[in-house]
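Single-structure report; data block below.
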Amino acid sequence: MTHDPDSQSDGVVGESAPDELDWLPERISLPSVEWVIYPPGEPRPANFALRFEKAVPTALVGTESGDSPGVHVLPHPGGLSVSARLGGLLDDSIREFQHPETEVDRTEIASWVQTWVESLDKRTEFERIRSACGPVPNAGETVARALFEHFGRADTVAAFILDRDTSALCSVSGIADQTADELVVHYGTDTEWDYYRSRQSGSRESLDD
């Protein structure tokens with residue numbers, strides 16, 4: 001699924017000029033509607049940085065003073081660079097490319113961007129769960145990791161917590177009855193619950209439209 005805030009469809013919108021980057025979003029599958037593309041709209045001039053960002057409050061992933069989680073594509077003379085950011089630049093994400101002249105070149109760049117979008121999505125979901133586990137007694141990174149590995153997404157964890165579904169929580173490897181009880185009482189900060197409820201409200205409005 002591609003997601004562009006200025007677009008009403010997810011399909012390919014046509015051929016691009018070779019010196020523009022508007023071809024790239026059509027080759028990227030975004031993990032959720034939380035992911036947005038900047039700058040919005042088409043076409044995107046070659047001298048503009050293109051950013052794929054996950055629009056989640058940075059406080060929920062421990063990066064209050066950093067960039068939103070995202071992948072940046074920055075054109076420069078002779079080529080472009082790709083990098084990922086999660087509260088700062090992730091060094092292992094930096095890669096330089098020559099100016100894409102062929103479909104093979106474009107596919108290689110899109111594949112690198114895709115890899116980092118998916119990686120950042122997973123990292124962000126885990127960090128959000130870990131942050132929400134902060135108020136829970138004795139629920140450190142191990143519990144957060146177990147919840148992430150079992151449920152996959154922070155919204156899914158929050159839904160079970162709100163339903164006070166301790167049996168579902170106890171089905172997670174490493175989550176004992178006492179931990180499940182503490183999770184339904186203490187899990188989540190005010191920021192986490194405000195964000196979760198705003199997303200659920202937005203989803204219901206989308207269904208009503």
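Worth knowing before you read on, the calculation uses all heavy atoms, side chains too, and leaves out hydrogens, waters and symmetry mates.
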At what distance, to the nearest 0.5 angstrom, does CD1 of Ile28 lie from OG of Ser111? 8.0 Å
Measure across Ser93 and Trp112 and return the closest heavy-atom pair with its distance rounded to 0.1 Å. O-NE1, 3.2 Å
Please indicate whether Asn138 has more than 12 foreign heavy atoms, meaning atoms of other residues, nucleotides or ligands, lying under 6.0 Å from its CG. no
Looking only at heavy atoms, the pair that brings Ile37 and Pro25 closest together is CD1-CB, 3.6 Å
Say you draw a straight line from CD1 of Ile175 to OG1 of Thr142; how long is it, rounded to the nearest 0.5 Å? 9.5 Å
Under a 4.0 Å threshold between the charged nitrogen and the carboxylate oxygen, would Glu127 count as salt-bridged to Arg130? yes
Residues Glu26, Arg106: salt bridge by 4.0 Å N-O rule: no
Same hydrophobic cluster for Leu89 and Val73, using side-chain heavy-atom links shorter than 4.5 Å among ILVMFWY? no
Check: Ser81 and His76 side chains under 4.5 Å, non-hydrogen atoms: yes
Hydrophobic clustering (ILVMFWY, side-chain heavy atoms < 4.5 Å, transitive) - are Leu86 and Trp116 grouped together? yes
Looking at every non-hydrogen atom in both residues, tell me the closest pair between Pro75 and Leu80 and how far apart they are. CA-CB, 3.8 Å
Does Asp177 have more than 12 heavy atoms from other residues, nucleotides or ligands lying within 6.0 Å of its CG? no
Are a donor atom and an acceptor atom from the side chains of Thr102 and Asp105 found within less than 3.5 Å of each other? yes
Would you indicate whether the side-chain heavy atoms of Val117 and Trp35 approach each other to under 4.5 Å? yes
side-chain contact (heavy atoms from CB on, under 4.5 Å) evaluation trace for Thr189 with Leu60: CA-CA 9 Å; Thr189 61; Leu60 295 182; 4.3 Å; yes
Main-chain N/O of Tyr195 paired with Ser198 side-chain donor or acceptor, under 3.5 Å: yes
Locate the shortest heavy-atom distance separating Tyr187 from Cys133; write the atom from each residue and the value. CE1-SG, 3.8 Å
Distance, nearest 0.5 Å, that separates CD of Glu149 from CD1 of Ile129: 9.5 Å
Ile109 side, atom CD1; Arg27 side, atom CZ - distance, nearest 0.5 Å: 10.0 Å
Determine whether Ile94 and Val113 fall in the same hydrophobic cluster, where Ile, Leu, Val, Met, Phe, Trp and Tyr are linked whenever their side-chain heavy atoms lie under 4.5 Å apart. no
Of all the heavy-atom pairs spanning Asp92 and Arg123, show the shortest one and how long it is. OD2-NH2, 4.1 Å
Just do the side-chain contact (heavy atoms from CB on, under 4.5 Å) check on Gln114 and Ser29 with the steps written out, would you? CA-CA 7 Å; Gln114 181 78 64; Ser29 176; 3.7 Å; yes
Closest heavy-atom pair, Phe151 versus Ala168, reported as atoms and distance to 0.1 Å, is CZ-O, 4.0 Å
Apply side-chain contact (heavy atoms from CB on, under 4.5 Å) to the pair Trp193 and Leu162, showing each step before the final yes or no. CA-CA 10 Å; Trp193 291 120; Leu162 276 183; 3.6 Å; yes
Does the side chain of Val36 come within less than 4.5 Å of Leu30's, by heavy atoms? no
Are Ser171 and His150 close enough that some pair of their side-chain heavy atoms sits under 4.5 Å apart? yes
Do Phe126 and Glu141 have side chains that get closer than 4.5 Å, going by heavy atoms? yes
Quick one: do Val143 and Val136 satisfy side-chain contact (heavy atoms from CB on, under 4.5 Å)? Show the steps, please. CA-CA 10 Å; Val143 170; Val136 182; over 6 Å; no
Is there a side-chain contact between Glu108 and Val104, using heavy atoms and a 4.5 Å cut-off? no
Are Phe52 and Leu120 close enough that some pair of their side-chain heavy atoms sits under 4.5 Å apart? no
Could you grab the distance from atom CD1 of Ile161 to atom OG1 of Thr156, nearest 0.5 Å is fine? 11.5 Å
Apply side chain to side chain contact (heavy atoms under 4.5 Å, CB included) to Arg51 and list each qualifying residue two or more places apart in sequence or on a separate chain. Tyr38, Glu53, His72
Quick one: CG on Asp165 to CG on Leu183, what's the gap to the nearest 0.5 Å? 12.0 Å
Atom CD of Gln98 with >12 non-hydrogen neighbours under 6.0 angstrom: no
Same apolar cluster: Val56 and Val33, side chain cutoff 4.5 Å: no
